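Since the model is a prediction, treat every value here as computed from it, not as a measurement.
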Amino acid sequence: MMELRKTLAGRIALTAIATVILLFLALPIVVIIVTSFSNNAFAAFPPEAWTLNWYKALFADGSKWPAALSLSALIAALSTVFSLIIGVTAATALTRSELPLRSAVYALVLGPLLIPQIVTALGLFLLFEPASMLGSPIAIALGHTVLASPIAVLILIATLRGIDERLEDAAASMGAGRLTVARRITFPLAAPGMIAAAIFSFITSFDEFYISQFLSSVDTVTLPVQVYNSLTFDIDPSVTAVSAILIALAILALALVALVRWLGSGRQNALLSVETATGIATPGGEAV
């Protein structure tokens with residue numbers, strides 16, 4: 001592989017291979033987007049003619065999609081709040097304190113990522129069913145938090161470890177307490193990571209199917225469950241329009257995450273340049 005990169009032909013070959021792989025991975029997404037504009041009721045590809053009828057049908061009178069969309073958005077928002085609370089607390093404890101049994105706590109927090117989602121969904125069903133909480137948006141949001149919070153913890157741990165501790169040491173050397181350092185230095189610098197964690201938590205909850213399926217009721221049907229019902233019990237070409245909208249939202253979210261992280265890195269570099277220019281702290285973290 002290294003030898004290929006040293007020659008022009010090798011670089012061209014690697015570029016061509018990488019392009020083919022990326023196109024293959026993106027092909028299903030392109031097919032869904034194109035099919036959403038097809039006038040065929042059976043979602044045929046390639047389309048024989050083009051139409052926007054399936055997008056209009058999403059918000060027609062009697063459509064079930066608006067209710068499912070609003071419920072999924074509400075549950076995802078609640079799950080995002082819960083995940084951020086857990087994520088900030090756990091990430092701070094794992095990176096900024098001498099926590100006993102840190103490896104065990106880290107494994108416990110990330111454990112839900114290793115367990116099959118259907119097993120987690122079954123366990124949550126057995127937990128909430130005796131409490132008569134099936135169908136409750138709060139119960140579904142708490143269930144989604146089990147999967148979304150580990151992702152938030154991972155992002156926030158990486159964010160906190162990327163913050164130069166010299167900035168915190170400089171504030172502490174001037175008499176700032178821990179809460180002041182966290183409020184004025186740590187959390188503002190961690191804001192891009194917190195926004196990224198919120199976005200990924202929202203997406204994780206919004207797209208979650210298994211937990212929603214186990215914990216939902218007839219009156220509380222989330223968007224992924226509605227998509228499943230439409231594909232299983234009915235032939236609804238509006239599913240392709242819903243899928244295209246979800247793809248667009250995912251791309252927009254990823255672009256927003258990239259923008260936020262880029263702005264955040266520039267802010268920390270600006271603070272470090274000010275620190276170096278004014279001599280607040282030495283690279284070893286001691287005040288001068």
Ignoring hydrogens and angles, tell me if any N or O in the side chain of Thr159 forms a donor-acceptor pair with the backbone of Ala190 under 3.5 Å.
no
Report yes if the side chains of Pro150 and Pro112 come closer than 4.5 Å at any heavy-atom pair, otherwise no.
yes
For the pair Ser70 (side chain) and Pro66 (backbone), establish whether a donor and an acceptor sit closer than 3.5 Å, ignoring hydrogens and angles.
yes
Residue among Thr19, Val20, Leu25 satisfying side-chain contact (heavy atoms from CB on, under 4.5 Å) with Leu23:
Thr19
Would the distance check show the side chain of Thr92 and the main-chain N or O of Thr89 forming a donor-acceptor pair, the cut-off being under 3.5 Å?
no
Using the rule given for side-chain contact (heavy atoms from CB on, under 4.5 Å), can you reason through Ile33 versus Ile29, listing the C-alpha separation, both sets of side-chain angles and the distance that settles it, and then say yes or no?
CA-CA 6 Å; Ile33 295 175; Ile29 298 176; 4.0 Å; yes
Just wondering, do Leu154 and Phe200 contact through their side chains at under 4.5 Å, heavy atoms?
no
Can Ile245 and Leu58 be said to form a side-chain contact (heavy atoms from CB on, under 4.5 Å), step by step?
CA-CA 11 Å; Ile245 292 174; Leu58 294 179; 3.7 Å; yes
Once you measure the plane-to-plane angle for Phe125 and Phe214, does it fall in the parallel (<30°), tilted (30-60°) or perpendicular (>60°) bin?
perpendicular
So, for Ala196 and Val257, which heavy atoms are closest and what is the spacing to 0.1 Å?
CB-CG1, 3.9 Å
CD-OH distance between Glu208 and Tyr210, expressed to the nearest 0.5 angstrom:
9.0 Å
Could you list the residues that satisfy side chain to side chain contact (heavy atoms under 4.5 Å, CB included) with Ser149, not counting sequence neighbours?
Ser83, Ile86, Thr145
Between atom CZ of Phe209 and atom CG of Leu223, what is the distance when rounded to the nearest 0.5 Å?
12.0 Å
d(Thr80 OG1, Phe206 CZ) to nearest 0.5 Å is 11.0 Å
Verify the distance criterion only: is there a donor paired with an acceptor across the side chains of Thr220 and Ser217 at less than 3.5 Å?
yes
Would you please name every residue forming a side chain to side chain contact (heavy atoms under 4.5 Å, CB included) with Val34, sequence neighbours left out?
Val30, Phe45, Pro47, Trp50
N/O donor-acceptor pair under 3.5 Å between Ser238 side chain and Ala57 backbone:
no
Does atom OH of Tyr228 have more than 12 heavy-atom neighbours from other groups under 6.0 Å away?
no
Just how far is it from atom CZ of Phe82 to atom OG of Ser201, taken to the nearest 0.5 Å?
12.5 Å
Test Phe37 against Trp54 for side-chain contact (heavy atoms from CB on, under 4.5 Å), laying out the working first.
CA-CA 7 Å; Phe37 297 98; Trp54 312 131; over 6 Å; no
Which atom of Ala197 lies closest to which atom of Leu156, heavy atoms considered
CB-CG, 4.2 Å
Which heavy atom of Val239 sits nearest to which heavy atom of Val227, and what is that distance?
CG1-CG1, 3.9 Å
Can you check whether Val225 reaches Thr222 side chain to side chain, under 4.5 Å on heavy atoms?
yes
Does any donor atom in the side chain of Ser205 or His144 lie under 3.5 Å from an acceptor atom in the other side chain?
yes
Measuring from Asn229:CG to Lys64:NZ, what's the distance to the nearest 0.5 Å?
8.0 Å
Evaluate the side-chain proximity of Gln117 to Ile211: yes if any heavy-atom separation is below 4.5 Å, no if none is.
no
Is a side-chain donor or acceptor of Ser72 paired with a backbone partner of Leu69 at a separation under 3.5 angstrom?
no
CD1 (Ile140) and CG (Leu71) are apart, to the nearest 0.5 Å, by 6.0 Å
